[in-house]
Number of protein chains: 2
Amino acid sequence: MNEPSPPSLGFLLRNAYAALAEHVYGQLPDRGFPEIRRAHSSLLRHIAPGGSRLTELAAAAGMAKQSMAYLADDLTALGMLEAVPDPRDGRARLLRLTARGRKLYETLVALSAEAESRLEAELGATGIAALRHGLTQTIARFPPGLG
Amino acid sequence: MNEPSPPSLGFLLRNAYAALAEHVYGQLPDRGFPEIRRAHSSLLRHIAPGGSRLTELAAAAGMAKQSMAYLADDLTALGMLEAVPDPRDGRARLLRLTARGRKLYETLVALSAEAESRLEAELGATGIAALRHGLTQTIARFPPGLG
DNA sequence: TCTGGTTAGTCAGATTGCCTGACTTCTATT
DNA sequence: AATAGAAGTCAGGCAATCTGACTAACCAGA
C-alpha cells in the first residue's frame, strides 16, 4: 500500500517494460495478429533477413535451443515462419519469415517507433537519448554472471 | 545475429531490468537468502510495516489474489512471513514479515541502493534523474488497458 | 433480525515460457 | 573409417502466472 518514497529502479524498470510491451502487443490483435505473444519477440528480434538457424537464434536471445524451438514451432503454425533445409549443413534448418511474418515484423517495428516518438514528445530528444543511455549503461554495468 | 542499428526501447528495457534483477537477486544466496526468487519481490515490495492483507498485496502488485497467495505460502514456508488473524475482520489474515523477513527486506533495499549508486557513478546525478524520469513517464504514458 | 450482496480467502485445474537430460543425425577432423 | 562435436528433437519438469467455482464472514437495509 505504501510505495517507499523513491520507487526502486527495479520497480520502475519492470513496470516501464510491462507498460510498453502491453502497449505494443496489445495493439497486435487490431492489426490482424491476434495470436502473437510477447515471448515471440525473442525470436522476431533476432531473426536475420535471409533466415537464421535455431541455434543462432537461441544464442542471440540467451535461451536454450529447446525453448527457441518451441517459439519457432508456434510461429510456424501461425504461418509467420517457415523452415528450409540449410544447403550448407545437412543437420540444420534455416528459419525465415514468410510474407505474413515480414508484415508482422514491420508492424512491430512501426508500433515500437510510434511508441518511442510518443514518448519523445514528452521527454524531448535529449530526454529519450538520456533514457537510452541510462538503459544501455545499466545493461553494460550489470553483466550476467557477476556479483 | 544482427541487432538492428538502434536497439528498440523494449529490448533495452527488458534487458536492463533483467541485468539489474540478476545483479540484486544473484547476490541473495551469498547474503544468506538462497531460496528467494524474483517473483517474491511482488510481495516484498508492497508489504506494509504493520502487515498487509493478501487482497491488498494482490491489488498493489496488479495480480490475482491466488497468485499472491502462492507467493505468500512460499515466503511463509521459508520463515520470512507470518499470518495473524486480522482483529478487524474475521475473514482476513494480516501478513507480516518475521524478523528474518525484515532482514531480507533490508538486504534487498541495501542491494538496490548499492546498484543504483554504482550506476550513479557512471551516469551522474543528472543521468540517474533523467533515467528515472524517463521510466516514470513511460509508465505514465502507456497505462494498462489502452491502445 | 433475517436476508442478500460484497469481500477475503481457498481449492482445483490450466497455461505459458522457460529449463535440463538424453538422444539421433549429420559434419568435420584425424 | 572413427570419433568428437554441433544441430536439432523428444520427454519431462517447474515457476509464475491465470480463471472458475467455492466457503466464510461482514454489512446494509427491510
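The sequence lines fix the lettering, A, B, ..., with proteins before strands; numbering per chain opens at 1.
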Practice task
Send over the distance from B:Met63 CE to C:dT15 P, rounded to a whole Å.
Solution key: 20 Å

Exercise for the section: Look only at the side chain of A:Arg102 and the backbone of A:Leu97, and say whether a donor-acceptor pair between them is shorter than 3.5 Å. Expected result: yes

Problem - Atom-to-atom span, CE of B:Met68 to C1' of D:dT17 - whole angstrom - result: 12 Å

Problem - For atom CG of A:Asp89 and atom P of D:dA6, their distance in whole Å - result: 12 Å

Practice task
Verify whether one side chain among B:Arg38 and B:Tyr25 offers a donor that lies under 3.5 Å from an acceptor in the other.
Solution key: no

Exercise for the section: Could you tell me the separation between the CG atom of B:Leu71 and the P atom of D:dC14, rounded to a whole number of Å? Expected result: 18 Å

Practice task
Report yes if a side-chain nitrogen or oxygen of B:Ser67 is closer than 4.0 Å to either non-bridging phosphate oxygen (OP1 or OP2) of D:dC18; otherwise report no.
Solution key: yes

Exercise for the section: Give a yes or no on whether a donor-acceptor pair under 3.5 Å exists between the nucleobase atoms of D:dG20, that is its base, and the side chain of B:Gln66. Expected result: yes

Practice task
Can you see which heavy atom on B:Arg132 is nearest to which on A:Leu9, and at what distance?
Solution key: NH2-N, 3.9 Å

Completion exercise
Separation of C:dT16 atom C1' from A:Asp74 atom CG, nearest Å, is 10 Å

Exercise for the section: Could you tell me whether the phosphate oxygens of C:dT10, OP1 or OP2, come under 4.0 Å of any side-chain nitrogen or oxygen in B:Arg93? Expected result: yes

Exercise for the section: Rounded off to whole Å, could you give me the CG-to-C1' distance for the A:Leu57 and C:dC18 pair? Expected result: 16 Å

Problem - Expected output: side-chain A:Ser8 to main-chain A:Phe11 donor-acceptor under 3.5 Å - result: yes

Problem - Nearest-Å distance for atom pair CG/P, residues A:Leu43 and D:dG8 - result: 12 Å

Handout entry: Nucleotide C:dC19, atom C1' - distance to CZ of B:Arg38 in whole Å
Key = 14 Å

Practice task
Report which part of the nucleic acid A:Thr55 touches: base, sugar-phosphate, or nothing (heavy-atom distance under 4.0 Å, all strands).
Solution key: sugar-phosphate

Exercise for the section: For B:Arg91 and for A:Arg37, find the nucleotide of DNA chain C with the closest heavy atom, then tell me which residue's nucleotide is more 5'. Expected result: B:Arg91

Practice task
Give A:Ala64 one of three labels, base, sugar-phosphate or nothing, depending on what nucleic acid heavy atoms sit under 4.0 Å from its own.
Solution key: base

Practice task
Verify whether one side chain among B:Glu114 and B:His23 offers a donor that lies under 3.5 Å from an acceptor in the other.
Solution key: yes

Exercise for the section: Would you indicate which nucleotide in C:dC18, C:dG9, D:dA16 comes nearest to any side-chain atom of B:Tyr70? Expected result: D:dA16

